[in-house]
Amino acid sequence: MVVRPLEHTADVGFELEGESLEALFQAALLGLLGVMFQSPPKGGKRRRRLRLEAEDLETLLVHFLNELVYLIQTKGFVPGRAVLRITPTSTGYALEGTLFGEAFRPEMGFQGEVKSATFHGLKVAEEGGRWRARVILDV
């Protein structure tokens, strides 16, 4: 799993890489945490179930990241790890899984809010047997 920061004029972005779709989405979680926290959790004892659907993988990734932003900034739940399953459906894709995290604490070193994941420059594709994505966050 790989997360590389991207240079962007107004927002924050990163490139992701994983051996599976699930690993790619886990990398997206780590990328988001790296933007928002100096010392994010690596997991946690608290759990939250998650189920999302979308018509394509790009939209699913945006929904996933925006759900994480919502949980962190509104519910105070900071997921450090995700166990996910992504499957094709008749109308697109479904993501089901469990997030493992902790309650927000100042010691995590909150670095600032993320407004949302965007569709700007968004790309999710399988290349050479690995999944890759590019994500821009509105901060």
Side-chain angles (χ1 to χ4, degrees):
M1 179 172 15
V2 178
V3 178
R4 283 184 293 278
L6 288 174
E7 296 294 325
H8 196 270
T9 55
D11 297 320
V12 175
F14 42 82
E15 291 179 335
L16 307 167
E17 189 176 318
E19 62 278 356
S20 66
L21 274 174
E22 290 81 3
L24 185 75
F25 277 62
Q26 176 69 32
L29 167 61
L30 296 179
L32 177 67
L33 291 175
V35 169
M36 295 181 76
F37 297 96
Q38 293 173 348
S39 300
K42 303 282 189 248
K45 294 182 181 177
R46 294 185 180 197
R47 296 178 183 195
R48 286 191 86 112
R49 297 282 303 145
L50 185 64
R51 177 163 171 69
L52 302 168
E53 292 188 30
E55 61 273 6
D56 55 47
L57 291 172
E58 288 81 8
T59 304
L60 188 64
L61 182 57
V62 167
H63 287 340
F64 175 67
L65 287 167
N66 287 338
E67 181 68 16
L68 297 175
V69 167
Y70 169 77
L71 291 172
I72 293 166
Q73 294 180 177
T74 304
K75 300 296 183 181
F77 174 75
V78 183
R81 185 172 67 90
V83 175
L84 305 171
R85 185 169 47 114
I86 299 170
T87 54
T89 67
S90 61
T91 58
Y93 291 88
L95 177 150
E96 292 184 75
T98 303
L99 302 172
F100 297 87
E102 300 177 13
F104 172 83
R105 295 186 327 273
E107 303 84 58
M108 292 177 183
F110 187 64
Q111 299 183 120
E113 288 190 11
V114 170
K115 294 177 189 171
S116 68
T118 72
F119 287 93
H120 177 75
L122 181 63
K123 177 184 171 188
V124 176
E126 186 177 18
E127 300 170 2
R130 294 185 63 80
W131 285 92
R132 300 176 195 278
R134 175 178 287 226
V135 174
I136 303 293
L137 301 174
D138 184 11
V139 293

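Nothing here was measured: the structure is a model prediction, and the numbers come from that model.
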Margin query: Can you tell me how far apart CZ (R51) and CD (E67) are? Round to the nearest 0.5 Å.
Written below: 13.0 Å
Notebook entry, point to check: Which pair of non-hydrogen atoms, one from G18 and one from A23, has the smallest distance, and what is that distance?
Noted result: CA-CB, 4.1 Å
Tell me which donor-acceptor pairs under 3.5 Å the side chains of residues 36-50 have, and how far apart each pair is, sequence neighbours excluded?
| unit_1 | atom_1 | unit_2 | atom_2 | d |
| --- | --- | --- | --- | --- |
| R49 | NH1 | G97 | O | 3.2 |
| R49 | NH1 | T98 | OG1 | 2.7 |

Check: How many angstroms lie between atom CG of L137 and atom CG of L32, to the nearest 0.5 angstrom?
Finding: 6.0 Å
Notebook entry, point to check: Below 4.5 Å, heavy atoms only, C-beta onward: do V135 and L122 meet side chain to side chain?
Noted result: yes
Checklist line | hydrophobic_cluster_shared for F110 and V139, side chain cutoff 4.5 Å | finding: yes
Next item on the list: Give the minimum heavy-atom separation between A54 and H63, together with the two atoms involved.
Entry: CB-CD2, 3.9 Å
Note to self: Please report the interatomic distance OG1(T59) to CG(L52), rounded to the nearest 0.5 Å.
What the structure shows: 11.5 Å
Check: Between I86 and F25, which heavy-atom pair has the shortest distance, and what is it?
Finding: CD1-CD1, 3.6 Å
Notebook entry, point to check: For the residue pair I72 and P79, what are the closest heavy atoms and their distance?
Noted result: CG1-CD, 3.8 Å
Next item on the list: Would you check, one step at a time, whether the test side-chain contact (heavy atoms from CB on, under 4.5 Å) holds for V78 with L33?
Entry: CA-CA 8 Å; V78 183; L33 291 175; 3.9 Å; yes
Note to self: Distance check, rounded to the nearest 0.5 Å: L21 atom CG versus Q26 atom CD?
What the structure shows: 13.5 Å
Notebook entry, point to check: If you group Ile, Leu, Val, Met, Phe, Trp and Tyr by side-chain heavy-atom gaps below 4.5 Å, do V83 and L24 land in one group?
Noted result: no
Next item on the list: Taking all non-hydrogen atoms of both residues into account, name the closest pair between Y93 and L60 and its distance.
Entry: CB-CD2, 3.9 Å
Next item on the list: Rounded to the nearest 0.5 Å, what's the gap from CG on L65 to CD1 on I136? Could you check?
Entry: 11.5 Å
Margin query: Just checking F119: does its CZ atom have more than 12 heavy atoms from other residues, nucleotides or ligands closer to it than 6.0 angstrom?
Written below: yes
Next item on the list: For residues 107-119, pull every pair meeting side chain to side chain donor-acceptor pair (under 3.5 Å), keeping only residues two or more places apart or in separate chains.
Entry: R105-E107
Checklist line | Over all atoms of both residues, closest heavy-atom pair of E53 and A94 | finding: CG-CB, 4.0 Å
Note to self: According to a hydrophobic-cluster definition based on side-chain heavy atoms being under 4.5 Å apart (Ile, Leu, Val, Met, Phe, Trp, Tyr only), do L68 and F100 belong together?
What the structure shows: no
Margin query: Quick one, W131 with L16, criterion side-chain contact (heavy atoms from CB on, under 4.5 Å). Give me CA distance, side-chain angles, the key distance, then yes/no.
Written below: CA-CA 8 Å; W131 285 92; L16 307 167; over 6 Å; no
Next item on the list: Working to the nearest 0.5 Å, report the span between CG of L99 and CZ of F64.
Entry: 6.0 Å
